[in-house]
Amino acid sequence: KHLANLLVSMYAKCRSMGDARTVFDDIREPNLFSWNILVSAYAINGDFHGARAVFDRMPEKDSVSWNTMVTAYARIGRIREARKMFEAMPQPDTVSWNALLAGYAQNGHLLEAIELFKKMPDKDVVTWTTMVTGLAENGYLDEARRFFELMPTPDVAAWNAMVAGYAQAGCLIQARLMFDEMPAKNTASWNSMINGYFQNREVEQARSLFDAMPRKNSTSWNLMIAAYAQRGHLQEAREVFDRMPDKN
RNA sequence: CUUUGCCC
């Protein structure tokens, strides 16, 4: 049954809702995990009506079920619906608060996000990074920085959000300073900085970072190829493509 | 085995 649940989840992530549903329907006695996975499956594929239908029909719910629905509405910008879900929850946990917070932040409602942030009974590293990201990507870099500096223990994601925010605003020097000062980098850190250079037409800088990065993931490769192609450098795009190890 | 934040 764990395997069947995993299968449903995997099909959903591959956007194969038909297969996901078929596997689910063949599960003898779906447990709470199975139901939650099915709700999430519809949500991932943008079908919040489907998600809602399953949610209303499932025999029992836990906070994961509720949180999945909050997220499903928040992601597509239906904040009022997300909020209604949140308010109907018996016991909202930090994930619930964070999901709603991300809904506001991702849809550009920063004032409401700040308001909600202040009301939160518990804050974790996700709470803080959600704020940093939301502020930074909407151009409120000074505010983002303030939140970042107030974070008890900024993790890589928070650092990356600041790097991406500065880069997106065209502040490559600041972005690079933070990139260099990061206590630990992951592949997303490198990708953020490289993407920043490309967005600001610093093709050579982007290229040398790409060549220097210790590990590349599919985003790294796609980034380089797309950026070269967009700028009309079809020969280098092709050359990078040919060097890519797993072309699938 | 399922839900929230960073690059795409």
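So that the names make sense, note that chain A is the first sequence line, chain B the second, and so on, each numbered from 1.
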Undergrad: Just to be sure I understand the rule, does Thr68(A) reach a base, reach only the sugar-phosphate, or reach nothing, if contact means heavy atoms closer than 4.0 Å?
TA: sugar-phosphate

Undergrad: How about Asn222(A) and Thr219(A): does a side-chain donor come under 3.5 Å of a side-chain acceptor?
TA: no

Undergrad: Using a distance-only test with no angle check, is there a side-chain donor-acceptor pair under 3.5 angstrom linking Asn191(A) and Ser220(A)?
TA: yes

Undergrad: Is Ala99(A) touching bases, backbone alone, or none of the nucleic acid, heavy atoms closer than 4.0 Å?
TA: sugar-phosphate

Undergrad: Nucleotide range of RNA chain B contacted by chain A, 5' to 3', under 4.0 Å to a heavy atom?
TA: C1(B) to C8(B)

Undergrad: Name the residue from Phe210(A), Phe179(A), Tyr197(A) that meets the ring pair (Phe, Tyr, Trp, His ring centres under 6.0 Å) definition with Trp190(A).
TA: Phe179(A)

Undergrad: Looking at every strand, decide which applies to Asn195(A) at a 4.0 Å heavy-atom threshold: base, sugar-phosphate, or nothing.
TA: sugar-phosphate

Undergrad: Taking the six-membered ring for Trp, are Tyr228(A) and Phe198(A) closer than 6.0 Å centroid to centroid?
TA: yes

Undergrad: Using only heavy-atom distances, determine whether the side chains of Asp211(A) and Ser208(A) contain a donor-acceptor pair under 3.5 Å.
TA: no

Undergrad: Whether Asp142(A) and Arg146(A) form a salt bridge (side-chain N of Lys/Arg under 4.0 Å from carboxylate O of Asp/Glu) is what I want to check.
TA: no

Undergrad: Taking any heavy-atom pair under 4.0 Å as a contact, classify Asp155(A): base, sugar-phosphate, or nothing.
TA: base

Undergrad: Checking all strands, does Ser192(A) fall into the base, sugar-phosphate, or nothing category for heavy-atom contacts under 4.0 angstrom?
TA: sugar-phosphate

